[in-house]
Amino acid sequence: MPKQYRTIEEVSGPLMLVRDVEGVTYNELGEIELENGEKRRCRVLEIDGSNALVQLFENAAGINLSNSTVKFLGRQMELGVSEDMLGRVFDGLGRPIDNGPEIIPDKRMDVNGSPINPAARNYPQEFIQTGISAIDGLNTLVRGQKLPIFSASGLPHANLAAQIARQAKVRGTDEQFAVVFAAMGITFEESNYFVQSFTETGAIDRTVLFINLANDPAIERIATPKMALTAAEYLAFEKDMHVLVILTDITNYADALREVSAARKEVPGRRGYPGYMYTDLATIYERAGRQQGKKGSITMIPILTMPEDDKTHPIPDLTGYITEGQIILARDLYRKGITPPIDVLPSLSRLKDKGIGEGKTRADHSNTMNQLFSAYARGKDAKELMVILGESALTEIDKLYAKFADEFERKYVSQGYETDRSIEETLDIGWELLRILPRSELKRISDKFLDMYYDKK
(Lines give C-alpha, C1' and ligand atoms only; values in the text may rest on other atoms or scores of the structure.)
Protein backbone atom coordinates (compact mmCIF):
# COMPACT_ATOMS: atom_id res chain seq x y z
CA MET A 1 0.00 0.00 0.00
CA PRO A 2 1.63 3.31 -1.04
CA LYS A 3 2.43 5.63 1.84
CA GLN A 4 0.27 8.76 2.18
CA TYR A 5 1.98 12.08 2.81
CA ARG A 6 0.45 15.11 4.52
CA THR A 7 3.53 17.22 3.86
CA ILE A 8 2.38 19.50 1.03
CA GLU A 9 4.52 22.57 1.53
CA GLU A 10 3.45 24.85 -1.33
CA VAL A 11 1.20 25.03 -4.39
CA SER A 12 2.19 27.41 -7.17
CA GLY A 13 0.21 27.30 -10.42
CA PRO A 14 0.49 23.77 -11.85
CA LEU A 15 3.32 22.83 -9.41
CA MET A 16 3.25 21.48 -5.88
CA LEU A 17 6.10 20.84 -3.43
CA VAL A 18 5.90 17.79 -1.13
CA ARG A 19 8.48 17.44 1.69
CA ASP A 20 9.95 14.40 3.50
CA VAL A 21 9.17 11.75 0.86
CA GLU A 22 10.97 8.40 0.59
CA GLY A 23 11.80 6.23 -2.41
CA VAL A 24 10.01 8.48 -4.91
CA THR A 25 11.46 8.57 -8.45
CA TYR A 26 11.45 11.00 -11.38
CA ASN A 27 8.34 10.83 -13.62
CA GLU A 28 6.45 8.69 -11.10
CA LEU A 29 2.68 9.14 -10.96
CA GLY A 30 0.99 10.38 -7.80
CA GLU A 31 -2.55 10.83 -6.52
CA ILE A 32 -3.76 13.77 -4.43
CA GLU A 33 -6.79 13.24 -2.21
CA LEU A 34 -8.65 16.41 -1.21
CA GLU A 35 -10.47 16.90 2.07
CA ASN A 36 -13.82 16.12 0.38
CA GLY A 37 -12.52 12.79 -1.00
CA GLU A 38 -11.96 14.07 -4.58
CA LYS A 39 -8.87 12.57 -6.25
CA ARG A 40 -6.54 14.27 -8.71
CA ARG A 41 -3.49 13.00 -10.53
CA CYS A 42 0.02 14.40 -10.60
CA ARG A 43 3.50 13.48 -11.81
CA VAL A 44 6.95 13.90 -10.24
CA LEU A 45 9.02 16.51 -12.10
CA GLU A 46 12.00 16.83 -9.80
CA ILE A 47 13.50 15.10 -6.78
CA ASP A 48 15.83 17.02 -4.46
CA GLY A 49 16.84 14.87 -1.48
CA SER A 50 13.56 14.19 0.34
CA ASN A 51 11.62 16.93 -1.49
CA ALA A 52 9.49 16.15 -4.53
CA LEU A 53 8.28 18.77 -6.99
CA VAL A 54 5.14 17.43 -8.64
CA GLN A 55 3.06 18.68 -11.51
CA LEU A 56 -0.73 18.63 -11.36
CA PHE A 57 -2.75 17.19 -14.23
CA GLU A 58 -5.88 19.05 -13.17
CA ASN A 59 -6.08 22.52 -11.65
CA ALA A 60 -4.95 23.36 -8.11
CA ALA A 61 -8.28 24.84 -6.94
CA GLY A 62 -9.46 23.43 -3.60
CA ILE A 63 -6.15 21.89 -2.50
CA ASN A 64 -5.74 22.59 1.21
CA LEU A 65 -2.11 22.29 2.36
CA SER A 66 -2.92 20.85 5.77
CA ASN A 67 -5.83 18.51 4.94
CA SER A 68 -4.92 17.12 1.50
CA THR A 69 -2.81 13.95 1.17
CA VAL A 70 -0.50 12.69 -1.58
CA LYS A 71 0.48 9.11 -2.37
CA PHE A 72 2.97 8.02 -5.03
CA LEU A 73 1.96 5.04 -7.13
CA GLY A 74 5.39 3.54 -7.91
CA ARG A 75 4.87 3.53 -11.69
CA GLN A 76 5.13 5.86 -14.65
CA MET A 77 2.20 6.87 -16.81
CA GLU A 78 0.70 3.88 -18.59
CA LEU A 79 -2.01 3.28 -21.16
CA GLY A 80 -4.24 0.20 -21.12
CA VAL A 81 -4.29 -0.97 -24.75
CA SER A 82 -6.57 -3.31 -26.66
CA GLU A 83 -7.91 -3.72 -30.21
CA ASP A 84 -11.23 -2.44 -28.82
CA MET A 85 -9.69 1.07 -28.92
CA LEU A 86 -10.48 1.25 -32.65
CA GLY A 87 -13.59 3.34 -33.20
CA ARG A 88 -13.30 5.05 -29.81
CA VAL A 89 -12.60 8.62 -28.64
CA PHE A 90 -10.33 9.33 -25.63
CA ASP A 91 -9.09 12.42 -23.83
CA GLY A 92 -5.39 13.33 -23.68
CA LEU A 93 -4.81 10.92 -20.78
CA GLY A 94 -6.44 7.94 -22.47
CA ARG A 95 -9.83 8.08 -20.70
CA PRO A 96 -12.90 7.36 -22.89
CA ILE A 97 -14.99 10.50 -23.61
CA ASP A 98 -17.49 9.03 -26.11
CA ASN A 99 -19.94 7.67 -23.49
CA GLY A 100 -18.80 4.15 -24.38
CA PRO A 101 -17.67 1.48 -21.91
CA GLU A 102 -14.24 1.46 -20.27
CA ILE A 103 -11.59 -0.40 -22.29
CA ILE A 104 -10.63 -3.77 -20.80
CA PRO A 105 -6.90 -3.70 -21.49
CA ASP A 106 -5.06 -6.50 -23.24
CA LYS A 107 -1.92 -5.14 -21.55
CA ARG A 108 -0.61 -1.91 -20.00
CA MET A 109 2.20 -0.06 -21.77
CA ASP A 110 4.51 2.73 -20.58
CA VAL A 111 3.55 5.83 -22.60
CA ASN A 112 7.19 6.93 -22.98
CA GLY A 113 7.82 3.90 -25.22
CA SER A 114 11.25 2.56 -25.94
CA PRO A 115 13.37 3.93 -28.79
CA ILE A 116 13.74 1.73 -31.89
CA ASN A 117 17.31 0.52 -32.27
CA PRO A 118 18.51 2.12 -35.57
CA ALA A 119 20.02 -1.21 -36.66
CA ALA A 120 16.62 -2.90 -36.22
CA ARG A 121 14.80 -0.44 -38.49
CA ASN A 122 13.63 -1.31 -41.99
CA TYR A 123 13.95 1.31 -44.71
CA PRO A 124 10.58 2.92 -45.62
CA GLN A 125 9.68 2.04 -49.22
CA GLU A 126 6.02 1.12 -49.72
CA PHE A 127 3.63 3.69 -51.15
CA ILE A 128 0.68 4.97 -49.07
CA GLN A 129 -2.15 6.49 -51.12
CA THR A 130 -3.73 9.54 -49.49
CA GLY A 131 -6.02 10.29 -52.45
CA ILE A 132 -4.56 13.82 -52.64
CA SER A 133 -2.76 14.49 -55.95
CA ALA A 134 -0.29 17.10 -54.64
CA ILE A 135 0.95 14.54 -52.09
CA ASP A 136 0.62 11.21 -54.00
CA GLY A 137 1.90 12.52 -57.32
CA LEU A 138 4.61 14.95 -56.25
CA ASN A 139 5.50 14.44 -52.57
CA THR A 140 4.72 10.78 -52.10
CA LEU A 141 4.15 9.41 -48.60
CA VAL A 142 5.94 6.14 -47.83
CA ARG A 143 5.11 3.58 -45.16
CA GLY A 144 7.22 4.25 -42.04
CA GLN A 145 7.98 7.88 -43.00
CA LYS A 146 7.59 11.06 -40.93
CA LEU A 147 6.16 13.75 -43.21
CA PRO A 148 5.01 16.95 -41.45
CA ILE A 149 2.52 19.50 -42.80
CA PHE A 150 3.63 23.10 -42.21
CA SER A 151 0.56 25.31 -42.06
CA ALA A 152 -0.20 28.80 -40.76
CA SER A 153 -2.98 30.27 -38.66
CA GLY A 154 -6.26 30.46 -40.54
CA LEU A 155 -5.28 27.89 -43.17
CA PRO A 156 -7.43 24.75 -43.50
CA HIS A 157 -4.99 22.18 -42.10
CA ALA A 158 -7.80 20.59 -40.05
CA ASN A 159 -9.72 19.79 -43.26
CA LEU A 160 -6.57 18.34 -44.85
CA ALA A 161 -5.80 16.26 -41.73
CA ALA A 162 -9.33 14.84 -41.68
CA GLN A 163 -9.18 14.13 -45.42
CA ILE A 164 -5.89 12.20 -45.11
CA ALA A 165 -7.22 10.26 -42.11
CA ARG A 166 -10.40 9.29 -44.04
CA GLN A 167 -8.76 8.43 -47.36
CA ALA A 168 -5.31 6.97 -46.60
CA LYS A 169 -4.86 3.35 -47.61
CA VAL A 170 -2.25 0.73 -48.45
CA ARG A 171 -3.05 -0.39 -52.01
CA GLY A 172 -3.43 -3.88 -53.38
CA THR A 173 -3.10 -5.70 -50.09
CA ASP A 174 -5.44 -7.13 -47.53
CA GLU A 175 -3.20 -5.86 -44.72
CA GLN A 176 -5.00 -4.12 -41.88
CA PHE A 177 -4.73 -0.34 -41.88
CA ALA A 178 -5.56 1.88 -38.90
CA VAL A 179 -5.36 5.60 -38.12
CA VAL A 180 -4.42 7.05 -34.74
CA PHE A 181 -5.49 10.69 -34.62
CA ALA A 182 -4.26 12.92 -31.78
CA ALA A 183 -5.47 16.52 -31.50
CA MET A 184 -3.79 18.85 -28.99
CA GLY A 185 -5.12 22.17 -27.74
CA ILE A 186 -7.98 22.36 -30.26
CA THR A 187 -11.36 24.03 -29.78
CA PHE A 188 -14.57 22.14 -29.11
CA GLU A 189 -15.80 23.03 -32.64
CA GLU A 190 -12.69 21.49 -34.23
CA SER A 191 -13.01 18.40 -32.04
CA ASN A 192 -16.65 18.07 -33.09
CA TYR A 193 -15.66 18.45 -36.75
CA PHE A 194 -13.13 15.61 -36.56
CA VAL A 195 -15.44 13.20 -34.72
CA GLN A 196 -18.34 13.97 -37.07
CA SER A 197 -16.20 13.77 -40.20
CA PHE A 198 -14.91 10.31 -39.25
CA THR A 199 -18.31 9.05 -38.09
CA GLU A 200 -20.19 10.13 -41.23
CA THR A 201 -17.76 8.38 -43.59
CA GLY A 202 -17.35 5.26 -41.45
CA ALA A 203 -13.61 5.97 -41.10
CA ILE A 204 -14.07 6.01 -37.31
CA ASP A 205 -14.23 2.18 -37.34
CA ARG A 206 -10.50 1.98 -38.04
CA THR A 207 -9.53 5.14 -36.11
CA VAL A 208 -8.46 5.76 -32.50
CA LEU A 209 -8.98 9.41 -31.51
CA PHE A 210 -7.20 11.21 -28.67
CA ILE A 211 -8.60 14.71 -28.15
CA ASN A 212 -7.12 17.34 -25.84
CA LEU A 213 -9.13 20.56 -25.84
CA ALA A 214 -7.72 24.06 -25.50
CA ASN A 215 -9.13 24.41 -21.95
CA ASP A 216 -7.59 21.13 -20.76
CA PRO A 217 -4.43 21.33 -18.62
CA ALA A 218 -1.03 21.87 -20.31
CA ILE A 219 0.39 18.72 -18.75
CA GLU A 220 -2.36 16.65 -20.40
CA ARG A 221 -1.38 18.22 -23.75
CA ILE A 222 2.17 17.00 -23.25
CA ALA A 223 0.89 13.47 -22.56
CA THR A 224 -1.47 13.33 -25.60
CA PRO A 225 1.03 12.46 -28.41
CA LYS A 226 2.70 9.90 -26.13
CA MET A 227 -0.65 8.22 -25.48
CA ALA A 228 -1.41 8.17 -29.21
CA LEU A 229 1.96 6.69 -30.13
CA THR A 230 1.65 4.03 -27.43
CA ALA A 231 -1.67 2.94 -28.96
CA ALA A 232 -0.04 3.03 -32.42
CA GLU A 233 2.93 0.89 -31.28
CA TYR A 234 0.56 -1.71 -29.86
CA LEU A 235 -1.52 -1.88 -33.07
CA ALA A 236 1.55 -1.87 -35.35
CA PHE A 237 4.05 -4.08 -33.59
CA GLU A 238 1.76 -6.44 -31.64
CA LYS A 239 -1.28 -6.62 -33.96
CA ASP A 240 0.59 -6.32 -37.31
CA MET A 241 -1.39 -3.30 -38.53
CA HIS A 242 -0.12 -0.48 -40.72
CA VAL A 243 -0.82 2.62 -38.65
CA LEU A 244 -0.95 6.23 -39.81
CA VAL A 245 -0.48 8.64 -36.88
CA ILE A 246 -1.71 12.22 -37.40
CA LEU A 247 -0.70 14.73 -34.71
CA THR A 248 -2.26 18.20 -34.79
CA ASP A 249 -1.18 20.78 -33.67
CA ILE A 250 2.49 20.34 -32.67
CA THR A 251 2.69 24.12 -32.04
CA ASN A 252 0.16 23.77 -29.19
CA TYR A 253 2.25 20.89 -27.80
CA ALA A 254 5.45 22.98 -27.90
CA ASP A 255 3.66 25.92 -26.24
CA ALA A 256 2.54 23.60 -23.42
CA LEU A 257 6.16 22.47 -23.07
CA ARG A 258 7.22 26.13 -22.77
CA GLU A 259 4.48 26.81 -20.20
CA VAL A 260 5.61 23.93 -17.98
CA SER A 261 9.27 24.89 -18.42
CA ALA A 262 8.51 28.48 -17.36
CA ALA A 263 6.60 27.24 -14.30
CA ARG A 264 9.69 25.23 -13.31
CA LYS A 265 11.81 28.41 -13.73
CA GLU A 266 14.13 26.71 -16.24
CA VAL A 267 16.54 28.81 -18.31
CA PRO A 268 14.70 29.53 -21.59
CA GLY A 269 16.21 28.83 -25.03
CA ARG A 270 15.20 30.26 -28.44
CA ARG A 271 12.01 32.35 -28.24
CA GLY A 272 11.43 31.19 -24.67
CA TYR A 273 11.11 27.49 -25.58
CA PRO A 274 13.12 25.09 -23.41
CA GLY A 275 16.60 24.13 -24.62
CA TYR A 276 15.60 20.44 -24.68
CA MET A 277 12.72 20.97 -27.14
CA TYR A 278 14.71 19.34 -29.99
CA THR A 279 15.25 16.21 -27.91
CA ASP A 280 11.65 16.22 -26.75
CA LEU A 281 10.25 16.47 -30.30
CA ALA A 282 12.67 13.74 -31.43
CA THR A 283 11.33 11.37 -28.75
CA ILE A 284 7.91 11.76 -30.42
CA TYR A 285 8.86 11.73 -34.11
CA GLU A 286 11.37 8.90 -33.86
CA ARG A 287 8.71 6.49 -32.61
CA ALA A 288 7.55 6.19 -36.22
CA GLY A 289 9.09 3.61 -38.52
CA ARG A 290 9.29 -0.06 -39.40
CA GLN A 291 11.04 -2.76 -37.40
CA GLN A 292 12.78 -5.83 -38.77
CA GLY A 293 10.83 -9.00 -38.07
CA LYS A 294 7.59 -7.07 -37.45
CA LYS A 295 4.89 -6.86 -40.11
CA GLY A 296 3.32 -3.60 -38.93
CA SER A 297 4.54 -0.04 -39.42
CA ILE A 298 3.96 3.46 -38.06
CA THR A 299 3.81 6.36 -40.53
CA MET A 300 3.51 9.83 -39.05
CA ILE A 301 2.06 13.13 -40.27
CA PRO A 302 2.64 15.84 -37.62
CA ILE A 303 0.82 19.09 -38.42
CA LEU A 304 2.05 22.43 -37.11
CA THR A 305 1.05 26.05 -37.60
CA MET A 306 4.09 28.23 -38.17
CA PRO A 307 3.84 31.30 -35.92
CA GLU A 308 3.82 34.43 -38.14
CA ASP A 309 4.16 32.12 -41.21
CA ASP A 310 7.85 31.84 -40.30
CA LYS A 311 9.67 28.67 -41.48
CA THR A 312 12.68 29.60 -39.32
CA HIS A 313 10.62 29.62 -36.09
CA PRO A 314 12.04 27.01 -33.65
CA ILE A 315 9.08 24.60 -33.98
CA PRO A 316 9.10 24.11 -37.80
CA ASP A 317 12.87 24.52 -37.84
CA LEU A 318 13.54 21.68 -35.37
CA THR A 319 10.76 19.55 -36.88
CA GLY A 320 12.41 19.88 -40.31
CA TYR A 321 15.69 18.51 -38.90
CA ILE A 322 14.08 15.39 -37.46
CA THR A 323 11.56 14.48 -40.18
CA GLU A 324 11.86 13.44 -43.84
CA GLY A 325 10.54 16.45 -45.70
CA GLN A 326 7.53 18.74 -45.35
CA ILE A 327 4.24 19.60 -47.06
CA ILE A 328 3.77 23.39 -47.02
CA LEU A 329 0.39 25.15 -47.19
CA ALA A 330 0.48 28.59 -48.80
CA ARG A 331 -1.64 31.59 -47.94
CA ASP A 332 -1.63 33.02 -51.50
CA LEU A 333 -3.03 29.74 -52.90
CA TYR A 334 -5.69 29.75 -50.18
CA ARG A 335 -6.69 33.30 -51.19
CA LYS A 336 -7.06 32.09 -54.79
CA GLY A 337 -9.50 29.44 -53.64
CA ILE A 338 -7.15 26.47 -54.23
CA THR A 339 -8.16 23.62 -51.90
CA PRO A 340 -6.08 22.15 -50.36
CA PRO A 341 -3.62 25.08 -50.75
CA ILE A 342 -0.49 22.88 -51.01
CA ASP A 343 2.53 24.78 -52.36
CA VAL A 344 4.28 21.98 -54.24
CA LEU A 345 7.57 23.73 -55.06
CA PRO A 346 8.94 24.23 -51.51
CA SER A 347 7.24 21.01 -50.33
CA LEU A 348 9.42 17.90 -50.29
CA SER A 349 9.18 14.23 -49.44
CA ARG A 350 12.75 12.99 -49.09
CA LEU A 351 11.68 9.36 -49.47
CA LYS A 352 9.34 9.77 -52.46
CA ASP A 353 11.76 8.08 -54.89
CA LYS A 354 11.62 4.91 -52.76
CA GLY A 355 7.84 4.57 -52.94
CA ILE A 356 7.13 5.17 -56.64
CA GLY A 357 7.65 3.39 -59.93
CA GLU A 358 6.68 0.07 -61.44
CA GLY A 359 5.03 -2.35 -59.02
CA LYS A 360 4.44 0.48 -56.51
CA THR A 361 2.62 3.22 -58.42
CA ARG A 362 3.24 3.26 -62.19
CA ALA A 363 6.36 3.16 -64.33
CA ASP A 364 5.88 6.71 -65.68
CA HIS A 365 5.50 8.29 -62.20
CA SER A 366 9.08 9.47 -61.70
CA ASN A 367 9.40 11.03 -65.19
CA THR A 368 6.05 12.86 -65.02
CA MET A 369 6.72 14.09 -61.47
CA ASN A 370 10.00 15.73 -62.54
CA GLN A 371 8.41 17.23 -65.64
CA LEU A 372 5.45 18.67 -63.70
CA PHE A 373 7.78 20.29 -61.14
CA SER A 374 9.91 21.78 -63.90
CA ALA A 375 6.97 23.06 -65.99
CA TYR A 376 5.18 24.55 -62.95
CA ALA A 377 8.35 26.36 -61.80
CA ARG A 378 8.87 27.83 -65.29
CA GLY A 379 5.17 28.74 -65.52
CA LYS A 380 5.33 30.65 -62.22
CA ASP A 381 8.42 32.54 -63.47
CA ALA A 382 6.55 33.44 -66.68
CA LYS A 383 3.58 34.72 -64.66
CA GLU A 384 5.86 36.91 -62.51
CA LEU A 385 7.44 38.32 -65.67
CA MET A 386 3.97 39.01 -67.05
CA VAL A 387 3.11 41.06 -63.94
CA ILE A 388 6.22 43.22 -64.38
CA LEU A 389 6.49 43.58 -68.17
CA GLY A 390 3.00 42.75 -69.40
CA GLU A 391 1.81 39.80 -71.46
CA SER A 392 3.25 41.19 -74.72
CA ALA A 393 6.79 40.69 -73.36
CA LEU A 394 6.29 36.90 -73.21
CA THR A 395 7.16 34.50 -76.00
CA GLU A 396 4.46 32.11 -77.22
CA ILE A 397 6.07 29.23 -75.33
CA ASP A 398 6.20 31.30 -72.10
CA LYS A 399 2.48 32.00 -72.49
CA LEU A 400 1.86 28.25 -72.70
CA TYR A 401 3.87 27.73 -69.50
CA ALA A 402 1.89 30.48 -67.75
CA LYS A 403 -1.33 28.79 -68.85
CA PHE A 404 0.08 25.45 -67.62
CA ALA A 405 0.78 26.93 -64.15
CA ASP A 406 -2.82 28.18 -63.81
CA GLU A 407 -4.34 24.91 -65.03
CA PHE A 408 -1.99 22.91 -62.80
CA GLU A 409 -3.16 24.76 -59.69
CA ARG A 410 -6.81 24.55 -60.73
CA LYS A 411 -7.01 20.91 -61.87
CA TYR A 412 -4.15 19.08 -60.16
CA VAL A 413 -3.64 20.77 -56.79
CA SER A 414 -7.19 21.98 -56.18
CA GLN A 415 -9.42 18.95 -55.73
CA GLY A 416 -11.47 19.88 -52.65
CA TYR A 417 -11.67 17.93 -49.39
CA GLU A 418 -14.11 15.25 -50.54
CA THR A 419 -12.36 13.94 -53.68
CA ASP A 420 -10.40 10.70 -53.28
CA ARG A 421 -8.17 10.19 -56.34
CA SER A 422 -6.40 6.93 -57.10
CA ILE A 423 -2.73 7.27 -58.13
CA GLU A 424 -3.73 6.35 -61.72
CA GLU A 425 -6.22 9.26 -61.81
CA THR A 426 -3.53 11.60 -60.45
CA LEU A 427 -1.00 10.50 -63.09
CA ASP A 428 -3.60 10.78 -65.89
CA ILE A 429 -4.45 14.36 -64.82
CA GLY A 430 -0.69 15.08 -64.95
CA TRP A 431 -0.53 13.85 -68.57
CA GLU A 432 -3.63 15.85 -69.49
CA LEU A 433 -1.87 19.01 -68.24
CA LEU A 434 1.42 18.18 -69.96
CA ARG A 435 -0.43 18.06 -73.30
CA ILE A 436 -0.78 21.87 -72.98
CA LEU A 437 2.94 21.98 -73.82
CA PRO A 438 4.47 20.82 -77.14
CA ARG A 439 6.07 17.38 -77.02
CA SER A 440 9.51 18.90 -77.74
CA GLU A 441 9.38 20.72 -74.35
CA LEU A 442 8.97 17.51 -72.33
CA LYS A 443 12.68 16.79 -72.01
CA ARG A 444 12.43 15.01 -68.65
CA ILE A 445 10.23 12.19 -69.92
CA SER A 446 11.59 9.27 -71.93
CA ASP A 447 10.21 8.69 -75.44
CA LYS A 448 8.77 5.34 -74.41
CA PHE A 449 6.34 7.05 -71.96
CA LEU A 450 5.61 9.93 -74.36
CA ASP A 451 4.58 7.37 -76.98
CA MET A 452 2.42 5.53 -74.46
CA TYR A 453 0.66 8.47 -72.78
CA TYR A 454 1.29 11.84 -74.48
CA ASP A 455 -0.07 10.87 -77.90
CA LYS A 456 -3.07 9.09 -76.38
CA LYS A 457 -5.78 11.73 -76.45
Side-chain angles (χ1 to χ4, degrees), residues 1-5 14 16 18 21 23-33 38-47 52-58 70-98 100-116 178 180-184 207-212 216-239 241 243 245 247 253 256-257 260 280 282-288 291 294 296 298 300:
M1 184 73 188
K3 183 177 175 184
Q4 291 205 318
Y5 295 98
M16 186 172 81
V18 187
V21 299
V24 174
T25 57
Y26 171 70
N27 236 358
E28 190 176 331
L29 279 185
E31 195 173 75
I32 306 157
E33 189 167 337
E38 185 190 336
K39 291 183 177 171
R40 294 187 191 162
R41 292 203 278 179
C42 59
R43 187 183 72 168
V44 177
L45 273 186
E46 212 173 282
I47 291 287
L53 182 69
V54 302
Q55 181 162 30
L56 309 171
F57 283 117
E58 290 93 353
V70 185
K71 65 179 178 189
F72 295 97
L73 306 177
R75 59 182 170 81
Q76 295 202 4
M77 202 185 293
E78 293 174 331
L79 177 66
V81 288
S82 146
E83 279 192 79
D84 296 337
M85 296 176 86
L86 288 163
R88 299 294 304 276
V89 185
F90 302 90
D91 70 3
L93 293 175
R95 299 172 294 208
I97 52 171
D98 55 3
E102 287 289 324
I103 295 287
I104 298 167
D106 191 17
K107 62 186 292 191
R108 300 195 74 81
M109 293 172 70
D110 182 343
V111 300
N112 296 305
S114 47
I116 304 178
V180 174
F181 193 97
M184 295 158 274
T207 306
V208 186
L209 276 106
F210 290 87
I211 290 181
N212 163 268
D216 289 331
I219 185 69
E220 185 178 310
R221 202 155 303 145
I222 292 171
T224 307
K226 296 182 173 129
M227 292 283 172
L229 283 157
T230 305
E233 282 167 351
Y234 170 75
L235 294 172
F237 303 133
E238 311 233 348
K239 295 296 170 188
M241 290 187 178
V243 184
V245 178
L247 305 174
Y253 171 83
L257 212 58
V260 171
D280 193 281
T283 59
I284 294 174
Y285 298 148
E286 288 298 339
R287 287 171 76 172
Q291 290 184 24
K294 304 269 177 81
I298 297 178
M300 189 187 293

For the atom pair [atom1] ([X]) and [atom2] ([Y]), what is the distance rounded to the nearest 0.5 Å?
{"X": "Gln291", "Y": "Glu233", "atom1": "CD", "atom2": "CD", "value": "8.0 Å"}
{"X": "Lys239", "Y": "Ser82", "atom1": "NZ", "atom2": "OG", "value": "8.0 Å"}
{"X": "Leu73", "Y": "Cys42", "atom1": "CG", "atom2": "SG", "value": "8.0 Å"}
{"X": "Glu78", "Y": "Met109", "atom1": "CD", "atom2": "CE", "value": "10.5 Å"}
{"X": "Leu209", "Y": "Met85", "atom1": "CG", "atom2": "CE", "value": "11.0 Å"}
{"X": "Ile97", "Y": "Ile211", "atom1": "CD1", "atom2": "CD1", "value": "5.5 Å"}

Minimum heavy-atom distance between [X] and [Y], given as atom pair plus value:
{"X": "Gly80", "Y": "Ile103", "value": "O-CG2, 4.3 Å"}
{"X": "Val89", "Y": "Asp98", "value": "N-OD2, 3.1 Å"}
{"X": "Ile284", "Y": "Pro225", "value": "CD1-CG, 3.9 Å"}
{"X": "Thr224", "Y": "Ala182", "value": "CG2-CB, 4.2 Å"}
{"X": "Asn212", "Y": "Gly92", "value": "CB-CA, 4.4 Å"}
{"X": "Phe72", "Y": "Ala52", "value": "CZ-CB, 4.4 Å"}

Quick one: list whatever passes side-chain hydrogen bond (donor to acceptor under 3.5 Å, both in side chains) with [X], sequence neighbours left out.
{"X": "Gln55", "value": "none"}
{"X": "Glu33", "value": "none"}
{"X": "Glu58", "value": "none"}
{"X": "Tyr5", "value": "none"}

Open item on the list: Run Phe210 and Leu79 through side-chain contact (heavy atoms from CB on, under 4.5 Å) and show every step you take.
Closed with: CA-CA 12 Å; Phe210 290 87; Leu79 177 66; 4.2 Å; yes
Open item on the list: With side-chain contact (heavy atoms from CB on, under 4.5 Å) as the criterion, how do Asp280 and Leu257 come out once you've worked through the C-alpha distance, each side chain's angles and the decisive distance to 0.1 Å?
Closed with: CA-CA 9 Å; Asp280 193 281; Leu257 212 58; 3.7 Å; yes
Using atom types as modelled and distance alone, determine if a side-chain donor or acceptor of [X] lies under 3.5 Å from a backbone N or O of [Y].
{"X": "Glu28", "Y": "Thr25", "result": "yes"}
{"X": "Arg40", "Y": "Phe57", "result": "no"}
{"X": "Arg88", "Y": "Pro101", "result": "yes"}

TODO: Before giving the answer on side-chain contact (heavy atoms from CB on, under 4.5 Å), spell out for Met77 and Asn27 the whole-Å C-alpha distance, their side-chain angles and the decisive distance to 0.1 Å.
DONE: CA-CA 8 Å; Met77 202 185 293; Asn27 236 358; over 6 Å; no
Just so I know, are the side chains of [X] and [Y] near enough to count as touching, which here means a heavy-atom distance under 4.5 Å?
{"X": "Met241", "Y": "Leu86", "result": "yes"}
{"X": "Asp216", "Y": "Asp91", "result": "no"}
{"X": "Val70", "Y": "Met16", "result": "yes"}
{"X": "Met300", "Y": "Leu229", "result": "yes"}
{"X": "Val208", "Y": "Leu235", "result": "yes"}
{"X": "Asp84", "Y": "Ile104", "result": "no"}

Task: With Asp110 via side-chain contact (heavy atoms from CB on, under 4.5 Å) - residues at least two apart - done: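 Once residues adjacent in sequence are excluded, the partners of Asp110 under the side-chain contact (heavy atoms from CB on, under 4.5 Å) criterion are Gln76, Asn112.
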Task: Partners meeting side-chain contact (heavy atoms from CB on, under 4.5 Å) with Pro14 (sequence neighbours left out) - done: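 Residues passing side-chain contact (heavy atoms from CB on, under 4.5 Å) with Pro14: Ala263.
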- [ ] Apply side-chain contact (heavy atoms from CB on, under 4.5 Å) to the pair Glu238 and Asp106, showing each step before the final yes or no.
- [x] CA-CA 11 Å; Glu238 311 233 348; Asp106 191 17; 5.9 Å; no
